[in-house]
Amino acid sequence: MLSENANLFGQAEAHVISAVQWLKLGVELVGALIIALGIAVAGRLLVRALWARRTADFTAIRLTLSRYLALALEFQLGADILSTSIAPSWDQIGRLGAIAVIRTALNFFLSREMEQERRQTSKEDDTVARAKDQA
């Protein structure tokens with residue numbers, strides 16, 4: 001009886017681990033697709049800006065790509081958290097923790113840069129609007 005319960009528990013644990021691994025893979029895929037989409041959108045904006053010879057639009061392109069990257073990093077972090085729930089050893093948990101810290105730091109600095117660019121762009125827009133009002 002005890003052996004049957006242990007065997008049943010082992011099978012259930014294997015199914016949960018397999019389900020979490022598939023879920024992690026799906027979340028990582030969503031993150032990768034978001035990065036690919038961001039690159040495609042930013043690339044299209046870059047080509048349009050270069051074609052129109054509007055190099056001042058690069059900041060807007062950077063912000064667009066940054067938003068996609070920040071969102072993708074959140075998905076990747078979610079996949080890391082899923083991985084820690086099924087990590088069998090402290091060594092794997094340590095590696096996942098290090099990766100999560102690096103991704104969180106990247107996302108923090110990326111978000112901070114986006115906010116600074118947004119503020120700078122907003123100030124420039126306000127300056128242009130005031131100049132138009134005075135004219």
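These figures come from a predicted structure and were not determined experimentally. In what follows, residues are counted from 1 in the order of the sequence shown.
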Inset, instruction - Would you mind listing the cluster partners of Val101? Hydrophobic ones only (ILVMFWY), side-chain contacts under 4.5 Å, chaining allowed. - result: none

Legend entry - side chain to side chain donor-acceptor pair (under 3.5 Å) contacts touching residues 66-76 (sequence neighbours left out): Glu74-Asn107

Inset, instruction - Looking only at non-hydrogen atoms, find the nearest pair between Leu110 and Ala70 and report the distance. - result: CD2-N, 3.6 Å

Legend entry - Test side-chain contact (heavy atoms from CB on, under 4.5 Å) applied to Leu50 - qualifying residues, sequence neighbours left out: Leu46, Phe58

Legend entry - With sequence neighbours excluded, residues passing side-chain contact (heavy atoms from CB on, under 4.5 Å) with Trp90: Ile93

Legend entry - Nearest non-hydrogen partners of Ala72 and Gly31, listed with the distance: CB-O, 3.4 Å

Inset, instruction - Identify, with sequence neighbours excluded, every residue that meets side-chain contact (heavy atoms from CB on, under 4.5 Å) alongside Ile86. - result: Ile17, Val20, Gln21

Legend entry - Closest heavy-atom pair and its distance - Leu96, Ser83: CD1-CB, 3.4 Å

Legend entry - With Glu115 via side-chain hydrogen bond (donor to acceptor under 3.5 Å, both in side chains) - residues at least two apart: Arg118

Inset, instruction - Under the side-chain hydrogen bond (donor to acceptor under 3.5 Å, both in side chains) rule, collect the residues that match up with Glu117, sequence neighbours excluded. - result: Arg62

Inset, instruction - With Val27 as reference, evaluate Leu82, Asp80, Ile81 under the side chain to side chain contact (heavy atoms under 4.5 Å, CB included) test and give the passing residue. - result: Leu82

Inset, instruction - List the atom of Ala49, the atom of Ile61, and the distance in Å for their closest heavy-atom pair. - result: CB-CD1, 4.0 Å

Inset, instruction - In sequence, state the C-alpha distance, the side-chain angles, and the governing distance for Leu77 and Leu73, and then conclude on side chain to side chain contact (heavy atoms under 4.5 Å, CB included). - result: CA-CA 6 Å; Leu77 187 60; Leu73 280 170; over 6 Å; no

Legend entry - Those residues that, when tested against Arg44, pass salt bridge (Lys or Arg N to Asp or Glu O under 4.0 Å) (two or more places apart): none

Legend entry - Thr104 side-chain N/O to Ala100 backbone N/O, donor-acceptor pair under 3.5 Å: yes

Inset, instruction - Each residue besides Phe9 in its hydrophobic cluster should be listed here, by chain and number; the cluster joins Ile, Leu, Val, Met, Phe, Trp and Tyr at side-chain heavy-atom distances under 4.5 Å. - result: none

Legend entry - Smallest separation among heavy atoms of Leu65 and Ala42, with atom names: CB-CB, 3.9 Å

Legend entry - Spacing of CD1 belonging to Ile35 relative to CZ belonging to Phe75, to within rounding of 0.5 Å: 11.5 Å

Legend entry - Connected via hydrophobic side-chain network under 4.5 Å: Val30 and Leu33: no

Inset, instruction - Can you sort out the partners of Arg48 under side-chain hydrogen bond (donor to acceptor under 3.5 Å, both in side chains), two or more places apart, ordered by chain and number? - result: none

Legend entry - Arg112: partners by side-chain contact (heavy atoms from CB on, under 4.5 Å), with sequence neighbours left out: Phe108, Phe109, Gln116

Legend entry - From OG1 (Thr64) to CG (Leu69), nearest 0.5 Å: 11.0 Å

Legend entry - Selection residues 22-34 - residue pairs positive for salt bridge (charged side-chain N to carboxylate O under 4.0 Å, His left out), sequence neighbours left out: Lys24-Glu28

